[in-house]
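In what follows, a single structure is set out as structure tokens and then discussed.
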Number of protein chains: 4
Amino acid sequence: YGKNTIKFLRLHREGKKHFVKEVEVCAHLRLTSPQEYLEGNNSLVIPTDTIKNIVLVLAKKNGIPSLEEFAIDICNHFMTTFCQVAYVKTYVQEVPWQRLHEDGVPHIHSFICVPDGIRFCEAEQCRNGPLMVFAGIKDLKLMKTTQSGFEGFYKNEHTTLPERHDRILCGELFCKWSYGECKDFDFNCIWKKIRECILEAFAGPPDCGEYSPSYQKTVNCIQMLVLSRVSQVQVIEVVLNNTFYNVVDMKNLGLTNDKEVLVPVEAPYGSCACTLGRKKFFEA
Amino acid sequence: YGKNTIKFLRLHREGKKHFVKEVEVCAHLRLTSPQEYLEGNNSLVIPTDTIKNIVLVLAKKNGIPSLEEFAIDICNHFMTTFCQVAYVKTYVQEVPWQRLHEDGVPHIHSFICVPDGIRFCEAEQCRNGPLMVFAGIKDLKLMKTTQSGFEGFYKNEHTTLPERHDRILCGELFCKWSYGECKDFDFNCIWKKIRECILEAFAGPPDCGEYSPSYQKTVNCIQMLVLSRVSQVQVIEVVLNNTFYNVVDMKNLGLTNDKEVLVPVEAPYGSCACTLGRKKFFEA
Amino acid sequence: YGKNTIKFLRLHREGKKHFVKEVEVCAHLRLTSPQEYLEGNNSLVIPTDTIKNIVLVLAKKNGIPSLEEFAIDICNHFMTTFCQVAYVKTYVQEVPWQRLHEDGVPHIHSFICVPDGIRFCEAEQCRNGPLMVFAGIKDLKLMKTTQSGFEGFYKNEHTTLPERHDRILCGELFCKWSYGECKDFDFNCIWKKIRECILEAFAGPPDCGEYSPSYQKTVNCIQMLVLSRVSQVQVIEVVLNNTFYNVVDMKNLGLTNDKEVLVPVEAPYGSCACTLGRKKFFEA
Amino acid sequence: YGKNTIKFLRLHREGKKHFVKEVEVCAHLRLTSPQEYLEGNNSLVIPTDTIKNIVLVLAKKNGIPSLEEFAIDICNHFMTTFCQVAYVKTYVQEVPWQRLHEDGVPHIHSFICVPDGIRFCEAEQCRNGPLMVFAGIKDLKLMKTTQSGFEGFYKNEHTTLPERHDRILCGELFCKWSYGECKDFDFNCIWKKIRECILEAFAGPPDCGEYSPSYQKTVNCIQMLVLSRVSQVQVIEVVLNNTFYNVVDMKNLGLTNDKEVLVPVEAPYGSCACTLGRKKFFEA
């Protein structure tokens, strides 16, 4: 019944070169007995202050080689140290600091924040169960300005949406995938590869793109490409929060607007959340 | 696979007196076949634009006597109108407009926004299943400045938190409860009664309060009081996001601070999420 | 060249009854010499950490009888203690905790957060100049559902807005007024009186309201009423960020919508910022 | 007395290649007479709806070659079209869409949002006065993990901050500069050059950095470098909102923390706002 959010920075130096990771960690524990909740007996409760100390101590001792290894490290510590812990889940999210470059030369100790998709991971374990590892990317905003439509949908007396074969497809992506029980992957390398798959599946070939008949289908394409290219991924969930753009009608202003000026429609926006595994199909 | 958020205002007039409800509605549909997702076949898809039109038409035709009745109305419409809908969930949230008063006199058409806890509800139904109704309150911020402590917790080498028997208890509450399948309640009246139970259980008697040995126990007290006083509630979930306050150490400034000046500790904050039903116990 | 934001809680007890003020304080200092900025010489710089300590110590020693008295107290301290300070401005904002009531009975130590307009104040002083006091309210959201229109505006070939004589007037108000150099007012009492004036001028008489021909005119009415009723106010600035609501056109859905269902238009919203003094007229 | 915010997307095609600019535009007008405010006479008022139409029409007709040229275009239109406009200010801000690359190959119609510093500009003009152009960057987050200290500051009985010669310097930068009355610059090229100056002045040489004795001095270095390298800049204002990081004391946890684990101190944070011109010195 304990949970917390800890934000901190782990600095690592090799000679004069600095490496920095700033992370936000949430740890969620469930105890074997809810006695503090039912009876006000706190004797098994691990205070959030203690949880914070443990996270900081582990970061100090073992560093953060990858978010995933750090999340696994925290899970293992709680499971092996506290017999009153029935379940532990650790979420780790990165502040996207990138090394600064001047005229192409990397700076030894300066960084810039580039939030073009936030990396995160999760590790969770029940006592006597396997440790499961998840990773993901969120707040990734993408747009394609053509090769997207929405036609042939169901119509009745409440339908006012016209069919469109050349609209803007723009949205914010959340992707989360499972690595199953495996822990010895090169998590940093795989994460980059998956990010590239997502961009490629969304955009299509650089010279011509690929037609998207709906954002649901684009979500499916992203999942299919990741599963086909990255064997370590067991299941992948994708949520696409779509922003609609309307071509501004300029007829009464005496102009023909050939999809040159568009305004975003803030509400309602569409959202599509699907989960795809290797053998079976889930809907979330 | 469709979801959307629709914000609108429903104005109702009785003579010169105006009544206003501004709501945000999310409707989530699952279709019987994911063919648009797998094959790019949109023929069963109900566009978010159509969903929006339906919600607005229902608000126009039937009004919003209570959030719950409106959510039920929407669910019923989708289930009875579209045979391709396998599941529907409707979430309705209120903008907390209150009638303005001048010297105690209610104004006939002016309102002020008072966000001291936001009312929301949910209705959901699977095809051939019962329609379930939920309601709740969120963003309710409460504080008690004494009669709260945290002692006797588990300690090891990573523990630095001192025991405290007179701390501040401050947090943001989220409560959500189930009415089961019933639909004929006076939802507005019950909601107010439950809100009063929550405040009373958090604060204790007005003249002396009641000691809270942990925020987990306070969560349990809230749930127990609601279940004992409001027979229509089947299950109640409570999440308390706790803000810690530290008494500022003023010794090196030459002063004794007898719990007079405190600073909020923004992270880590504690969170307790529990669900309590009439017969069995769940943990969320 | 120093500025900071300090959030803290001041608890005051009278017998068993508790009184709480949670405030956010920003202090802005300008030094007589910019030598730390130009030459990297820090010898006159007062660190933000020291500023924070001073604010907390003053709160501990003198309490917060009103936001204004506390802001004046801080200004005075900096001016009299540090001869290198050329200018000081203090901003104080309140977290809107209200005493909780159970069946009308006030609770001795429990509070609820009711953000229906946030109270703030400012005090500023240049060395050898007068100490000026300002106060205000912000994030005050009001709506009137009739007695508002917008007609007779300028039209040309780019005009598409229809004239309206019965629209919704809804917006967020920011009001800030000056008390001049005076410091001995009952600031708490005057603030409440001004808040009532604002509500009354916005809404008009409870039984019939008052027609607003534009939100600009409503802003003027608010200013005029405050200046006429509250003699301590020298100058008053009002900003009204207007939210537009459009009546949904339901003709193509086969319905007549008699201003019953409206949707907010998030952008563009209108904004009107005006400052009115006792003798002269300023525009901000 | 009119102001508005308009968000839209301008799409431009050259053959199959697409170019996209998504911008937010605020236009602020002051009229020659405040009669709508004082008398409720709207006959000179230009509705925000008309302003929106004009902005969209100008974007359609002339495109957005640079934010600055677009802002100038809008100013000119209002000044030459409406004789009741006494003053106009236009603010234009960019959504940071960047062309997507796959294996180094640019995509013809896909984009990713990369918010590593937001570009904006302003143009303003009084009737019979010159048109002034400003540009800037905001929300630029930078960090250097060494070569920063804060020593030799003023101390008294309220000082608790220790001197530090090797701290983290981390903050969010806002820079705004004036181009004076000139309008024929290559605004896109100059903006990139200034951004590079800011990064270079903050970080110092890539191989060793440069010691910052205070963030005030770093602000001055940024201004000096921009003014010395970019002759088109007349005046430059820089605001640095500093985030402090504390090295976690791990002594009571039995560990020595050699600046490896640090936690951000959310409040108070420091802020330094300075304006530097070619000949004279202003403080903001």
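Residue numbers begin at 1 in each chain, while the letters A, B, ... track the order of the sequences. Worth saying up front: this structure is predicted, and the values here are computed from it rather than measured.
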Exercise for review: Check each atom of A:Lys17 against the heavy atoms of chain D and say whether the ones under 4.5 Å are side chain, backbone, both or neither.
Suggested key: neither
Point to revise | Contact class of A:Met250 relative to chain D, heavy atoms under 4.5 angstrom | key: side chain
Point to revise | Flag, side chain of D:Lys60 to backbone of A:Thr256, donor-acceptor distance under 3.5 Å | key: yes
Check your understanding: Which atoms of D:Lys21 come close to chain A, meaning under 4.5 Å heavy atom to heavy atom: side chain ones, backbone ones, both, or neither?
Key -> neither
Check your understanding: Where does D:Pro106 contact chain A at under 4.5 Å (heavy atoms): side chain, backbone, both or neither?
Key -> backbone
Check your understanding: Can you say whether D:Val263 sits under 4.5 Å from chain A via the side chain, the backbone, both, or neither, judging by heavy atoms?
Key -> both
**Study point:** Contact check, side chains of D:Phe202 and A:His107, non-hydrogen atoms, under 4.5 Å
**Key:** no
**Study point:** Partner chain A: residue of D:Leu199, D:Val20, D:Ile168 with the largest heavy-atom pair count (under 4.5 Å)
**Key:** D:Leu199
Check your understanding: Do you know which of A:Gly63, A:Pro205, A:Gly254 has the most heavy-atom pairs with chain D at a distance under 4.5 angstrom?
Key -> A:Pro205
Exercise for review: Evaluate whether atom NE2 of D:His12 has more than 12 neighbouring non-hydrogen atoms of other residues, nucleotides or ligands under 6.0 angstrom away.
Suggested key: yes
Check your understanding: Should A:Leu100 and D:Lys144 count as side-chain neighbours, where that means a heavy-atom distance under 4.5 Å?
Key -> no
Review point. Do A:Asp258 and D:Arg13 have side-chain heavy atoms sitting under 4.5 Å apart?
Key: yes
Practice item. Pick one of side chain, backbone, both or neither for A:Leu253, based on which atoms fall under 4.5 Å of a heavy atom in chain D. Key: side chain
**Study point:** A:Phe8 versus D:Pro264, closest heavy-atom pair with distance
**Key:** CA-CD, 4.1 Å
Exercise for review: Under 4.5 Å heavy-atom distance to chain D, tell me which part of A:Glu22 shows up: side chain, backbone, both or neither.
Suggested key: side chain
Review point. Under a 4.5 Å heavy-atom cut-off, does chain A meet the side chain of D:Phe111, its backbone, both or neither?
Key: both
Check your understanding: Which bit of A:Pro96 is near chain D, if near means a heavy-atom gap under 4.5 Å: side chain, backbone, both or neither?
Key -> neither
**Study point:** Winner by heavy-atom pair count (cut-off under 4.5 Å) against chain D, out of A:Leu9, A:Val105, A:Asp116
**Key:** A:Leu9
**Study point:** For A:Ser110 against D:Ala203, the heavy-atom pair lying closest together
**Key:** OG-CB, 3.3 Å
Check your understanding: Taking D:Lys61, D:Met143, D:His18, D:Gln98 one by one, which has the highest count of heavy-atom pairs under 4.5 Å against chain A?
Key -> D:Met143
**Study point:** Atom group of A:His109 that falls short of 4.5 Å from chain D, counting heavy atoms
**Key:** both
**Study point:** A:Leu255, part contacting chain D, at a heavy-atom distance under 4.5 Å
**Key:** side chain
**Study point:** Heavy-atom check, side chain of A:Lys16 versus side chain of D:Cys208, under 4.5 Å
**Key:** yes
Review point. Among A:Glu172, A:Lys141, A:His101, A:Glu260, who wins on heavy-atom pairs under 4.5 Å with chain D?
Key: A:Glu260
**Study point:** Contact origin within A:Leu140 toward chain D - heavy atom pairs under 4.5 Å
**Key:** side chain
Check your understanding: Do A:Val261 and D:Arg10 have side-chain heavy atoms sitting under 4.5 Å apart?
Key -> yes
Exercise for review: Residue by residue, scan residues 191-198 of chain A and write down, ordered by number, those that have a heavy-atom distance under 4.5 Å to chain D; if none do, write 'none'.
Suggested key: A:Arg195
Point to revise | Contact origin within A:Val57 toward chain D - heavy atom pairs under 4.5 Å | key: both
